[in-house]
There are 2 protein chains.
Amino acid sequence: MDPNPIGFQKHDHSHCVADAVAEADRTCQKAGLQLTPVRKRALEILLEEHRALGAYDVLARLAEDGFGSQPPVAYRALDFLTKNGFAHKIERLNAFIACAHPGDIHTPAFLICTTCEAVAEAETDPSHSLLNQIADTTGFRISRAVLEAEGTCPNCLANDQAKDPK
Amino acid sequence: MDPNPIGFQKHDHSHCVADAVAEADRTCQKAGLQLTPVRKRALEILLEEHRALGAYDVLARLAEDGFGSQPPVAYRALDFLTKNGFAHKIERLNAFIACAHPGDIHTPAFLICTTCEAVAEAETDPSHSLLNQIADTTGFRISRAVLEAEGTCPNCLANDQAKDPK
DNA sequence: GATTGATGTGTTATGTTATTACGTGACAGA
DNA sequence: TCTGTCACGTAATAACATAACACATCAATC
Ligand SMILES: [Zn+2]
Ligand SMILES: [Zn+2]
Ligand SMILES: [Zn+2]
Ligand SMILES: [Zn+2]
């Protein structure tokens, strides 16, 4: 129940948040995007955990901080973050997670641990992707791809082994 | 707005339904599964369209046919169908579609046309899959994979070209 | 034949996720 | 000043999903 990993590994988590927010600030500057207080706070909230948070979780925390308490407040902030590459929606979970590789345009793949709820974001090589191959042969034009795997992360796998060595 | 395709191609659709139901009947026989009236009807409803239907769409049609009218009726039937490989849930759409390749255990990939709403199911080679590669290198054990691409199908692409030749 | 357990269907009630519709303040440019 | 746009806030509702319980059926057991 302790989701420590980024890509399921230990790391200095305080940097994750600070660095990513700073990076987002810079990116928005350049792109003429407004990283307003709600949006920034929403990003921080997502960054605080390496797991996906539901919109209502985010909403609750925003409300605690004095922002609006109605669903659109969260959904709009999350919409901004996802549209501009600072966060992703995990479709399988109907939940949101901060992007682990912001800045680049990418087709992320997610590994979702059903035991500890950690979610790792992996980069993919779009050109080699399975979906692209299929799309090429069928003449389908992809605008967005969802790649999500559910299963057990290395940490939880190790824990299971320790408890139930068979 | 006319989703004719299976894999986005024209075909004799009446066979889709009849064949698939017959196949499901046989499979259930063998496996000792009960393809009860609600379940069979739910499968037919899904088969009638090559697009994904929401649980409440299915529910409404079941109710028309004299089955229960409350959500669990639909969700339980859909649960049976998905658990036993007769249907899939499209996570991106929170909706369900009949399996195009029932019988085999497989890792399907879906191509979702945002224009005509058609959904095509493609088979994948699990061993070559991107997700599997990632999983191998990180030590993650996959139990289920979600592969969904959103975009424009060949038909709609052609229509767009015809209207707006540029 | 009665009892029991497993399975399936139905209901009500509730929980969770997401959107629509509408109003306000801030601010930039005409 | 007027106007358009953008961001933020609200209330209300839609859409998706599950929990909990009652009842029927049927097969296995007593
Ligand atoms: Zn971290
Ligand atoms: Zn884990
Ligand atoms: Zn068909
Ligand atoms: Zn189409």
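Each chain gets a letter, A, B and so on, in the order the sequences are listed, and its residues count up from 1.
- A salt bridge is absent between B:Arg144 and A:Glu150; no separation between the charged side-chain nitrogens and carboxylate oxygens falls under 4.0 Å.
- Rounded to the nearest 0.5 angstrom, B:Ser69 OG and B:Glu64 CD are separated by 12.0 Å.
- Using a 4.0 Å cutoff to heavy atoms of chain B, the contacted part of DNA chain D runs 5' to 3' from D:dC16 to D:dA19.
- Between the side chain of B:Glu117 and the main chain of B:Arg51, no donor-acceptor pair closer than 3.5 Å is present.
- For the segment residues 56-83 of chain A, residues with any heavy atom less than 4.0 angstrom from an atom of DNA chain D are, sorted by number, A:Phe67, A:Gly68, A:Ser69, A:Gln70, A:Pro72, A:Val73, A:Arg76.
- For A:Lys30 and A:Glu23, the salt-bridge test fails: no basic side-chain N is under 4.0 Å from an acidic carboxylate O.
- Looking at residues 35-44 of chain B, you'll see B:Thr36, B:Val38, B:Arg39 sit with a heavy atom under 4.0 Å from some atom of DNA chain C.
- Atom-to-atom, CD1 of A:Ile90 to P of C:dT17 comes out at 14 Å; the value is rounded to the nearest Å.
- In this structure, A:Glu148 contributes its side chain and A:Glu91 its backbone to a donor-acceptor pair below 3.5 Å.
- Here the side chain of A:Thr124 pairs a donor or acceptor atom with the backbone of A:Thr107 at under 3.5 angstrom.
- B:Arg92 and B:Ile112 make their closest contact through CB-CD1, 4.1 Å (heavy atoms, listed as atom of the first residue, atom of the second, distance).
- For B:Arg41 (side chain) and B:Leu62 (main-chain N/O), no donor-acceptor pair under 3.5 Å exists by modelled atom type.
- Side-chain N or O atoms of A:Thr82 include none that pairs as donor or acceptor with a backbone N or O of A:His88 at under 3.5 Å.
- Although no hydrogens or angles enter the test, the distance criterion places a donor-acceptor pair under 3.5 Å between the side chain of A:His13 and the main chain of A:Leu47.
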